[in-house]
Number of protein chains: 2
Amino acid sequence: MLLTIDLDSEVPIYQQIRDRVVEAIADGDLAEGSALPSTRQLAADLAINFHTVNKAYDLLRREGVIRINRKSGAVVRRDAGSGPAEAGFADEWQARLRTLLAEATVHGLGEQEVLRRCGEVIDSFGARKVRPGEVDLLSNG
Amino acid sequence: MLLTIDLDSEVPIYQQIRDRVVEAIADGDLAEGSALPSTRQLAADLAINFHTVNKAYDLLRREGVIRINRKSGAVVRRDAGSGPAEAGFADEWQARLRTLLAEATVHGLGEQEVLRRCGEVIDSFGARKVRPGEVDLLSNG
DNA sequence: TTATCTGTTATAGGTAACCTATATCAGATA
DNA sequence: TATCTGATATAGGTTACCTATAACAGATAA
């Protein structure tokens with residue numbers, strides 16, 4: 001399963017779903033234009049209420065990551081990052097980055113080590129990693 | 001004032017205090033061994049309840065960032081990053097980094113741009129930036 | 001000693017977040 | 001027709017978050 005959640009996590013379920021979808025897009029596992037499962041279907045697979053999935057999808061829509069139509073359902077936007085609220089995104093994002101990197105520094109990770117891990121994560125993006133025969137919950141079909 | 005919070009933010013107040021303290025340590029504005037304001041004092045300065053500050057300090061203590069004694073109050077640990085829960089810190093931290101960097105990628109920031117901002121943030125750490133005469137809420141005194 | 005500040009703990013209450021449970025409606029589809 | 005879908009409404013329960021008040025004990029200064 002390409003999308004897993006942790007019911008015991010302190011992170012809200014809808015936030016976990018949102019994070020996994022964003023990561024899947026960055027990884028290339030979710031191509032632009034591809035459809036996400038229906039809210040009821042994904043809720044059934046995750047054994048949660050469909051309103052929780054609906055909240056996650058609505059968050060992704062408000063962030064400009066996906067489009068939601070009654071016909072085609074939830075679809076990854078082809079021009080994600082071009083929404084109206086994207087103007088000041090970089091600044092707000094870098095503020096959160098600053099907090100996260102500060103945390104690593106305080107916990108003893110050297111600046112070089114931190115930068116190395118940043119590069120490692122970035123390099124991991126863009127490559128499709130679904131093995132042949134693996135069930136892909138997030139793809140069409 | 002070196003520590004400001006936004007009461008209208010969706011980020012909990014205690015989380016904002018925690019974030020600002022961590023950033024101040026990374027910036028070098030809060031040296032190891034220096035004391036934080038008392039919970040009641042900081043609460044009064046921020047015009048919030050002292051229990052909220054107490055929650056922020058307790059979070060920093062559980063994260064191994066500060067020590068709290070009845071005598072010296074809250075003090076920045078000299079060996080922050082050496083706590084018992086620091087073993088698996090790097091992995092958990094990188095997972096959060098992955099989510100954050102994926103978000104930037106999805107919103108159109110190129111991989112080079114993302115890496116450049118990571119370096120920019122890291123380079124900003126370590127330099128003391130308190131101007132002469134500036135009131136420093138987080139220092140001794 | 002007295003007064004004050006500190007950290008610590010306890011209790012209580014209000015608002016909001018989060019998740020679930022049902023139900024209904026209408027458009028699309030097999 | 002039957003089914004799936006997105007969208008919306010209501011309701012209830014649990015927990016997070018913040019505030020308010022009180023009390024206790026250790027440390028410190030007048």
Side-chain angles (χ1 to χ4, degrees), chain A residues 3-21 33-77 99 137-141, chain B residues 3-21 33-77 99 137-141:
Chain A
L3 198 162
T4 57
I5 60 174
D6 178 13
L7 295 177
D8 296 328
S9 170
E10 294 182 358
V11 181
I13 298 175
Y14 78 94
Q15 184 74 44
Q16 293 184 49
I17 296 174
R18 176 267 183 194
D19 290 346
R20 294 302 87 75
V21 170
S34 62
L36 274 64
S38 72
T39 56
R40 285 178 172 84
Q41 182 61 50
L42 184 54
D45 291 336
L46 298 177
I48 59 177
N49 192 276
F50 82 94
H51 279 113
T52 305
V53 179
N54 206 331
K55 184 167 184 175
Y57 281 12
D58 186 65
L59 176 58
L60 286 165
R61 181 190 58 79
R62 285 186 284 110
E63 290 179 340
V65 177
I66 65 176
R67 292 184 183 280
I68 302 179
N69 302 320
R70 195 181 297 267
K71 297 186 60 171
S72 46
V75 176
V76 179
R77 279 185 57 172
T99 302
L137 257 183
L138 292 178
S139 291
N140 300 326
Chain B
L3 197 163
T4 56
I5 59 175
D6 177 13
L7 295 178
D8 296 327
S9 170
E10 294 181 359
V11 181
I13 299 174
Y14 78 94
Q15 183 75 43
Q16 293 185 48
I17 296 174
R18 176 267 184 194
D19 290 345
R20 295 300 88 75
V21 170
S34 63
L36 275 63
S38 72
T39 56
R40 286 178 172 84
Q41 182 61 50
L42 184 54
D45 290 337
L46 298 177
I48 60 177
N49 192 277
F50 81 94
H51 279 113
T52 304
V53 179
N54 206 332
K55 185 168 184 174
Y57 281 12
D58 186 63
L59 176 58
L60 287 165
R61 180 189 59 78
R62 285 187 282 110
E63 289 179 341
V65 177
I66 65 175
R67 291 185 183 278
I68 303 179
N69 302 319
R70 196 180 296 265
K71 296 188 60 170
S72 44
V75 175
V76 180
R77 278 186 58 172
T99 302
L137 257 184
L138 291 178
S139 292
N140 300 326

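The chains referred to below are lettered A, B, ... by the order of the sequence lines, with proteins before strands, and numbering in each begins at 1. These numbers come from a predicted model, not from an experiment.
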R40(A): side chain to side chain contact (heavy atoms under 4.5 Å, CB included) partners, not counting sequence neighbours: S38(A), F50(A)

d(CD, Q15(B); C1', dC18(D)) in whole Å: 15 Å

Sequence-distant partners of A74(B), side chain to side chain contact (heavy atoms under 4.5 Å, CB included), two or more places apart: L36(B), Y57(B), I66(B), I68(B)

Test item: L3(A) and L42(A) side chains (from C-beta on) under 4.5 Å apart, heavy atoms: yes

With T99(A) via side-chain hydrogen bond (donor to acceptor under 3.5 Å, both in side chains) - residues at least two apart: E23(B)

Between dC18(D) (P) and D8(B) (CG): distance, integer Å: 13 Å

Salt bridge (Lys or Arg N to Asp or Glu O under 4.0 Å) contacts touching residues 5-18 of chain A (sequence neighbours left out): R18(A)-E63(A), R18(A)-E103(B)

Please list each protein N or O that sits under 3.5 Å from an N or O in nucleotides 5-9 of chain D, with the distance.
from	atom 1	to	atom 2	distance (Å)
dT5(D)	OP1	S38(A)	OG	2.9
dG6(D)	OP2	T39(A)	N	3.4
dG6(D)	OP2	T39(A)	OG1	3.2
dG6(D)	N7	R40(A)	NH1	2.7
dG6(D)	O6	R40(A)	NH2	3.3
dG6(D)	N2	R70(A)	NH1	3.3
dG6(D)	N3	R70(A)	NH1	3.2
dA7(D)	N6	R40(A)	NH2	3.1
dT8(D)	O4	H51(A)	NE2	3.2
dA9(D)	N6	H51(A)	NE2	2.6

Set of salt bridge (Lys or Arg N to Asp or Glu O under 4.0 Å) partners for R61(B), sequence neighbours left out: D58(B)

By side-chain hydrogen bond (donor to acceptor under 3.5 Å, both in side chains) - contacts of D19(A) (at least two apart): Q15(A)

Contact interval (first through last nucleotide) of DNA chain C with protein chain A, 4.0 Å heavy-atom: dC18(C) to dA28(C)

For S9(B), side-chain hydrogen bond (donor to acceptor under 3.5 Å, both in side chains) partners two or more places apart: none

Below 4.0 Å: OP1/OP2 of dC18(D) and any side-chain N or O of Y14(B): no

